[in-house]
Amino acid sequence: MSDKPLAAAIEGWHTMASKPHLIGSQCTHCGTYFFPSQAQYCRNPACDSTDFREVELSRTGHIWSYTNACYQPPAPFVAADPFEPYAIAAVQLEREEMVVLGQVVTGVGVEDLKVGMPVELVLEPLHETDDDIKVTWKWRPLPADATAQAGA
Amino acid sequence: MANDIAIIGAGMHPWGKWGHNFVQYGVAAAREALADAGIPWQDVRFVSGGATVRCGYPGYVAGATFAQALGWQGAEVNTSYAACASGSQALAAARNKILAGECEVALVIGADTTPKGFLAPAGGYRPEDPDWVRFYLGITNPTYFALYARRRMDLYGDTLADFAAVKVKNSRVGAMNPRARYRKCFTAEDVAASAMVADPLRLMDICATSDGGAALIVSSLEYARRIGKGDAPRVAAISTVTPTFASGVVEMPDIATDSAAAAGVEAHAYRASIPVKAYEEAGIGPEDVSLAEVYDLSTALELDWIEDLGLAPRGGAAALLRQGDTALGGRIPVNVSGGLACFGEAVPAQAIAQVCELTWQLRGEAGDRQVKDAKVGITANQGLFGHGSSVIVKK
Ligand SMILES: [Zn+2]
């Protein structure tokens, strides 16, 4: 990669800190979380609130399941040339009681993963444009006992 | 039962990649169903079509399109769009019309023609569209099926050999089905030699898309008796329930599930909730089922459905498969049509095609694929955006 500036591939969906968080929303009335962020209506059938706060979601969780992409996806995916397969994980966030999808960091394959494995959120390049390097969230495996220290 | 309707005719245009207009497939299926019922087209007073979103305006108004193609005769029309459950929703509309006493005979019909390759989302920068987001991040349709499959492996000990065995089983019956697109018996070696798409699923674990058309003629029990078909198979239940918040399984095309963090909210598994209403409505349980047609978008998904239908305890479907219970001749045959593995998905026709197969099976007219003493059949499918269905047909 070049020394171009880093920019979020999808603006406003995560912080750009060294320990990044996904940015979601939470219903101030019933406490339901939303990712992507939702601030118009609450989808909990027992709640008709229209009041939401922006929240940083837990940056650690446990793998709900995982797979990989052996073939190049169609546009708008921007593939490296040649295409490099990557792993994908669905991660259960404990506090939010929700599952969030994302790629797994470069260099980690399905053979390195297991349902229940602790992971943390990091930023990695997704693709490069003329002006910048587009980064997005990816999941990185943690040592088995690391989630307690890493906290939410 | 007071809410039963009769299936007096069934018809299909063979699945394939024929390259014709979808209307042609629907008309062929309808004519076969009418001939099967032995009634004139003019007797049909309600045409209930499953919409296709791939064929322009005629597809959005499929009910009217088929009615016009078969020759306007004044029947009322309806068009249902419910993704993979479109056919079941069209059947439910026909049942309502009949049970309300507004018509005696209805045509339920769906047909589709599918383009080659991926249907990529529209371009630009559109983060408000979940379909755009997931493709941009590199998450395709097989990703979701593979996540479910891998979870089976890690939680229940399912193996690649189990998934391949589903393909082998279904290809064996599909080879005997003249309406199926793929009519070749595959071996476990064939599956293992096919390319890995989304680990653990290989190319031959994942279903294709096809052209096809299916139709049913349904009527009041009174009409069926009048034309000498009082013993025709009956639709005993139709479930088209939506999910219950919070949906805890990540579903295409979403990037995340609902959150179950609010007080009083639990995570629910949508797929397993679909047949519950069908069983309740029919007043029967899984132990009464003779055979099932389930939506095997992937080989592993057939195993999920077997558990969702209550035919095996959670995690127990692979054991059933290994014992041969779900094969033709087994205790509870699943997908004796050959399933999506042999047909390929033709969205608005597929749920109707599942009911066609049950109809022929319950009449004892399925030939080499006949399930002995078939008395009760159940279908199950799930599509995008909270659509899914389960239909129970009984003798
Ligand atoms: Zn709320």
Side-chain angles (χ1 to χ4, degrees), chain A residues 9-13 22 24 26-27 29-36 42-47 57 63-79 85-90 92-93 95-103 109-111 113-116 126-127 136-138, chain B residues 117-155 195-203 244-251 254-267:
Chain A
I10 305 176
E11 289 158 41
W13 281 34
L22 294 174
Q26 186 178 25
C27 173
H29 185 72
C30 75
T32 297
Y33 292 88
F34 294 95
F35 181 77
C42 183
R43 296 206 305 260
N44 177 352
C47 180
L57 301 186
I63 291 182
W64 183 84
S65 193
Y66 56 96
T67 179
N68 63 7
C70 301
Y71 284 91
Q72 180 178 323
F77 184 79
V78 184
Y86 49 88
I88 296 165
Q92 177 88 39
L93 306 182
R95 186 188 62 190
E96 294 79 1
E97 292 193 48
M98 69 194 296
V99 172
V100 179
L101 284 181
Q103 286 191 24
V110 285
E111 60 285 355
L113 303 174
K114 206 77 194 159
V115 168
L126 184 63
H127 66 96
T136 194
W137 77 89
K138 296 191 186 181
Chain B
F118 261 125
L119 268 179
Y125 176 76
R126 300 183 303 111
E128 69 289 346
D129 174 1
D131 219 28
W132 180 91
V133 169
R134 54 121 177 180
F135 275 109
Y136 183 44
L137 297 178
I139 292 162
T140 60
N141 297 9
T143 303
Y144 296 86
F145 310 139
L147 290 171
Y148 309 151
R150 174 57 70 173
R151 207 168 146 78
R152 293 196 62 84
M153 295 177 77
D154 280 18
L155 261 51
M196 190 66 85
V197 174
D199 195 295
L201 298 180
R202 297 177 178 279
L203 199 56
T244 298
F245 186 86
S247 195
V249 176
V250 66
E251 308 271 12
D254 294 332
I255 203 82
T257 62
D258 291 339
S259 148
V265 169
E266 299 173 51

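Every chain is numbered from 1 and lettered A, B, ... according to where its sequence line falls, protein lines coming before strand lines.
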Undergrad: My understanding is that only residues two or more places apart in sequence, or in another chain, count here; which of them pass ring pair (Phe, Tyr, Trp, His ring centres under 6.0 Å) with A/Tyr66?
TA: none
Undergrad: Would you say the side-chain atoms of A/Asn68 pair up with the backbone N or O of B/Asp199, donor to acceptor, closer than 3.5 Å?
TA: yes
Undergrad: Does any heavy atom of chain B fall under 4.5 Å from the side chain of A/Glu11, the backbone, both, or neither of them?
TA: both
Undergrad: In terms of heavy-atom pairs under 4.5 Å, which option from A/Arg43, A/Gln103, A/Gln92 contacts chain B the most?
TA: A/Arg43
Undergrad: Could you look at A/Val99 and say if it's the side chain, the backbone, both or neither that has a heavy atom under 4.5 Å from chain B?
TA: both
Undergrad: Does any non-hydrogen side-chain atom of B/Leu137 lie less than 4.5 Å from one of A/Trp137?
TA: yes
Undergrad: Tell me, side chain or backbone of B/Ala260 under 4.5 Å from chain A's heavy atoms, or both, or neither?
TA: both
Undergrad: For B/Val197, which atoms come within 4.5 Å of any heavy atom of chain A: side chain, backbone, both, or neither?
TA: both
Undergrad: Non-hydrogen atoms of chain A under 4.5 Å away: do they reach the side chain of B/Phe145, the backbone, both or neither?
TA: neither
Undergrad: Can you check whether A/Ile10's main-chain N or O pairs, donor with acceptor, with B/Tyr136's side chain at less than 3.5 Å?
TA: no
Undergrad: Any idea which heavy atoms bring A/Trp64 and B/Arg151 closest together, and the distance?
TA: O-NH1, 2.9 Å
Undergrad: Do B/Ile139 and A/Phe77 come within less than 4.5 Å of each other through their side chains, counting heavy atoms only?
TA: no
Undergrad: With a 4.5 Å heavy-atom cut-off, do B/Val265 and A/Pro45 have their side chains touching?
TA: no
Undergrad: With A/Leu101 as reference, evaluate B/Thr257, B/Leu147, B/Val133 under the side-chain contact (heavy atoms from CB on, under 4.5 Å) test and give the passing residue.
TA: B/Leu147
Undergrad: Does any heavy atom of chain B fall under 4.5 Å from the side chain of A/Thr32, the backbone, both, or neither of them?
TA: both
Undergrad: Answer yes or no: is there a side-chain heavy-atom contact under 4.5 Å between A/Ser65 and B/Tyr148?
TA: no
Undergrad: Of all residues at least two apart in sequence or in a different chain, which pass the ring pair (Phe, Tyr, Trp, His ring centres under 6.0 Å) check with A/Trp13?
TA: A/Phe35
Undergrad: If you compare all heavy atoms of B/Ala261 against all heavy atoms of A/Arg95, which two are closest, and at what distance to 0.1 Å?
TA: CB-O, 3.7 Å
Undergrad: To the nearest 0.5 Å, what is the distance between CD1 (A/Ile88) and OG1 (B/Thr140)?
TA: 6.5 Å
Undergrad: At a heavy-atom separation under 4.5 Å, does A/Ala9 approach chain B through its side chain, its backbone, both, or neither?
TA: both
Undergrad: Examine whether an atom of A/Phe34 lies under 4.5 Å from a heavy atom of chain B, and if so say whether it belongs to the side chain, the backbone or both; otherwise answer neither.
TA: neither
Undergrad: If you compare all heavy atoms of A/Ala69 against all heavy atoms of B/Gly138, which two are closest, and at what distance to 0.1 Å?
TA: CB-O, 4.4 Å
Undergrad: If you tally heavy-atom pairs under 4.5 Å against chain B, which of A/Val100, A/Val115, A/Thr136 wins?
TA: A/Val115
Undergrad: Under a 4.5 Å heavy-atom cutoff, which of B/Leu155, B/Ile255, B/Asp254 has the most pairs with chain A?
TA: B/Ile255
Undergrad: Let's go through A/Thr67 and B/Tyr144 carefully: what are the C-alpha distance in whole Å and the side-chain angles of both, what is the deciding distance for side chain to side chain contact (heavy atoms under 4.5 Å, CB included) to 0.1 Å, and is it a yes or a no?
TA: CA-CA 9 Å; A/Thr67 179; B/Tyr144 296 86; over 6 Å; no
